[in-house]
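As a basis for the values below, the full set of heavy atoms in this structure was taken, side chains included, without hydrogen atoms, waters or symmetry mates. The model shown is predicted, which means the values in this text are computed figures rather than measured ones.
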Amino acid sequence: MNDVTEILLVAAAAATVVGAAGLGAGYLLRRRSMRWQLGLVAVVAVGSVLAGVLAVSERMLISEHDLGVVTLVTVGAAVIALVVAMALAAALGRFSAALRADVRRVAAGDPSAPDEPVPASSRGPAEFRALAAELDDMQARLAESRAREARVESARRELVAWVSHDLRTPLAGLRAMVEALEDGVAPEPERYHHEVRLQVERMSRMVDDLFELSRIHAGVLPLAPEPLPLDDLVSGAIAESISVARSRGVTLGGRVEPGLVVRADPAGLTRVLGNLVSNAVRHTPEGGAVEVVGSATHSAVELSVTDACGGIAQDDLARVFDVAWTGSAARTPEPGGDVRAGLGLAIVKGIVEAHQGQVSVQNLDSAPRPGCRFLVRLPV
């Protein structure tokens, strides 16, 4: 065995012994602060060198003076390494404390940012900065989730209040008519029977709409998309509402680009058009006009329904498609009106979004009658 090989083996054996001792110490200190861990790394690194030097010096038979010099240099290096390790450990401790503060703030649901923004350079190494960025992103998502949950809860309460209010009025009327029929004091029993049937049908449609809305919110709305000629859909929606429009003195018409086809669920898109057209007719005063237009762009098929309702208050534009929104403090439908007024547009939005489309509304200030335009965009 030559000298170089012997030196390598002796140094490796000495370093192995020190490393094994370091692993044992690391196991014992595994629950302590990272300051101990980093200090142990420095001690093991320098200790391995010192042990190797001492072991090799015994084989080389160097003088005591030279051995003392080597030992002194190694110990000095060990002290410096330990000081540097402790300084790094202190810095990592501060970075860790800042991260713990961020985690506690996120866990407490506090959406506010720290009083003084923390510079990226003060957040530690790349791994710590990446973790801090993930926490910031998670906090933003949690804040958005809480805001969405608050909106959903508010909508749920409003829906319950609205349903309770809108059911109370027809139920009271039904009770009065039934009692009159039972007591034999109804002047026109046939008319009372007819009115009872109408009220029951309206409430039945309202329950159906609530069930439809619940399926939309649950994401289980059944869709069977197929190619549909858009002019047929528009013609059907106009035909369904033309009699009501004429009785109210409202002009109802429409136009569609020739040969325009959209891929959608027939029942769902028919419901969307029917709701928008009937809503436009109901809110357009006598002498006004409602127009349905179908067109195509490079990426979508557009359906617009324009009315002469006079416009929607700016504060209400963002709530038009909310459940139970009616645009009026008086929620009770007028005689012969639609008891579903607060659900129609919410169902429209749900069906359109289930088709991966978008629906929006904007005010139109066109003379002589300002109004609104509801725009449905469906992907090609």
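Atoms CD and OG, on Gln362 and Ser304 in that order, are 9.5 Å from each other to the nearest 0.5 Å. With rounding to the nearest 0.5 angstrom, the OG atom of Ser204 is 12.5 Å from the CZ atom of Arg197. Between the CG atom in Leu221 and the CD atom in Glu212 there is a gap of 5.5 Å [rounded to 0.5 Å]. With values rounded to the nearest 0.5 angstrom, Leu228 atom CG is found 9.0 Å from Asp232 atom CG. To the nearest 0.5 Å, atoms CG (Leu230) and CD (Glu302) are separated by 11.0 Å. Rounding to the nearest 0.5 Å gives a distance of 4.5 Å between OG of Ser360 and CG of Leu375.
Atom CD of Gln314 sits in a sparse spot, with 12 or fewer heavy atoms from other residues, nucleotides or ligands closer than 6.0 Å. Heavy atoms from other residues, nucleotides or ligands lying under 6.0 Å from CZ of Arg30 number more than 12. Atom CZ of Arg31 is surrounded by 12 or fewer heavy atoms from other residues, nucleotides or ligands within 6.0 Å. Around the CD atom of Gln358, the shell of radius 6.0 Å holds no more than 12 heavy atoms that belong to other residues, nucleotides or ligands. Heavy atoms from other residues, nucleotides or ligands lying under 6.0 Å from CZ of Arg215 number more than 12.
Hydrophobic clustering of Ile, Leu, Val, Met, Phe, Trp and Tyr side chains at less than 4.5 Å, counting indirect connections, keeps Val380 apart from Val261. Both Val200 and Met177 are part of a single hydrophobic cluster, where members link through side-chain heavy atoms under 4.5 Å apart. Using a 4.5 Å cut-off between side-chain heavy atoms of Ile, Leu, Val, Met, Phe, Trp and Tyr, with links allowed through other members, Leu276 and Leu317 fall into the same hydrophobic cluster. The cluster map of Ile, Leu, Val, Met, Phe, Trp and Tyr, joined by side-chain heavy atoms under 4.5 Å apart, puts Val293 and Val359 in different clusters. Residues Leu273 and Leu223 fall within the same hydrophobic cluster, defined by Ile, Leu, Val, Met, Phe, Trp and Tyr side chains chained together at heavy-atom separations under 4.5 Å.
Without hydrogens or angle criteria, Asn363 side chain to Ile312 main chain gives a donor-acceptor distance under 3.5 Å. Checking side-chain atoms of Asp231 against main-chain N and O of Val256 turns up no donor-acceptor pair under 3.5 Å. Without hydrogens or angle criteria, His283 side chain to Asn279 main chain gives a donor-acceptor distance under 3.5 Å. At distances below 3.5 Å, at least one donor-acceptor pair connects side-chain atoms of His355 with backbone N or O atoms of Asp265. The backbone N or O of Val305 sits nowhere less than 3.5 Å from a side-chain atom of Arg373 that would complete a donor-acceptor pair. For the pair Ser241 (side chain) and Ile238 (backbone), a donor-acceptor distance under 3.5 Å is absent. Looking only at distances, no side-chain donor or acceptor of Arg202 sits under 3.5 Å from a matching main-chain atom of Gln199. The closest donor-acceptor contact from the side chain of Asp307 to the backbone of Cys372 lies under 3.5 Å.
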Apply side chain to side chain contact (heavy atoms under 4.5 Å, CB included) to residues Val41 and Val43 and explain how you reach the verdict. CA-CA 6 Å; Val41 170; Val43 170; over 6 Å; no

Worked check of side chain to side chain contact (heavy atoms under 4.5 Å, CB included) between Met203 and Leu174: CA-CA 11 Å; Met203 288 190 292; Leu174 284 172; 3.0 Å; yes

Mind running side chain to side chain contact (heavy atoms under 4.5 Å, CB included) on Leu378 and Leu269 for me, showing each step along the way? CA-CA 10 Å; Leu378 297 174; Leu269 194 53; 3.8 Å; yes

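Smallest separation of non-hydrogen atoms from Ile242 and Ala239: CG2-O, 3.3 Å. Scanning both residues, Leu260 and Ala296, for their nearest heavy atoms gives CD1-CB, 3.5 Å. The two residues Thr270 and Pro266 have their closest heavy-atom pair at OG1-O, 2.7 Å. The two residues Pro379 and Gly357 come nearest to each other via the heavy atoms CD-CA, 4.0 Å. Smallest separation of non-hydrogen atoms from Gly274 and Ala237: N-CB, 4.4 Å. The two residues Ser48 and Gly19 have their closest heavy-atom pair at OG-N, 4.5 Å.
Under the 4.5 Å side-chain criterion, counting only non-hydrogen atoms from C-beta, Arg271 is in contact with Ile351. Leu198 places a side-chain heavy atom less than 4.5 Å from the side chain of Glu201. Between Phe374 and Leu345, the closest side-chain pair of non-hydrogen atoms falls below 4.5 Å. Within the 4.5 Å cutoff, the side chain of Arg191 has no heavy atoms near those of the Glu195 side chain. Residues Leu303 and Arg377 have side chains not in contact (no heavy-atom distance under 4.5 Å, counting atoms from C-beta outward). Looking only at side-chain heavy atoms (C-beta outward), Phe321 and Val361 come within less than 4.5 Å of each other. Taking the side chain as every heavy atom from C-beta outward, Val292 and Arg255 never approach each other to under 4.5 Å.
A salt bridge is defined here as a Lys NZ or Arg NE, NH1 or NH2 lying under 4.0 Å from an Asp or Glu carboxylate O, and Glu149 with Arg146 fails to meet this definition.
Annotation: side chain to side chain contact (heavy atoms under 4.5 Å, CB included) contacts of Ala245 (sequence neighbours excluded): Val250, Leu252, Val281. Annotation: side chain to side chain donor-acceptor pair (under 3.5 Å) contacts of Arg32 (sequence neighbours excluded): none.
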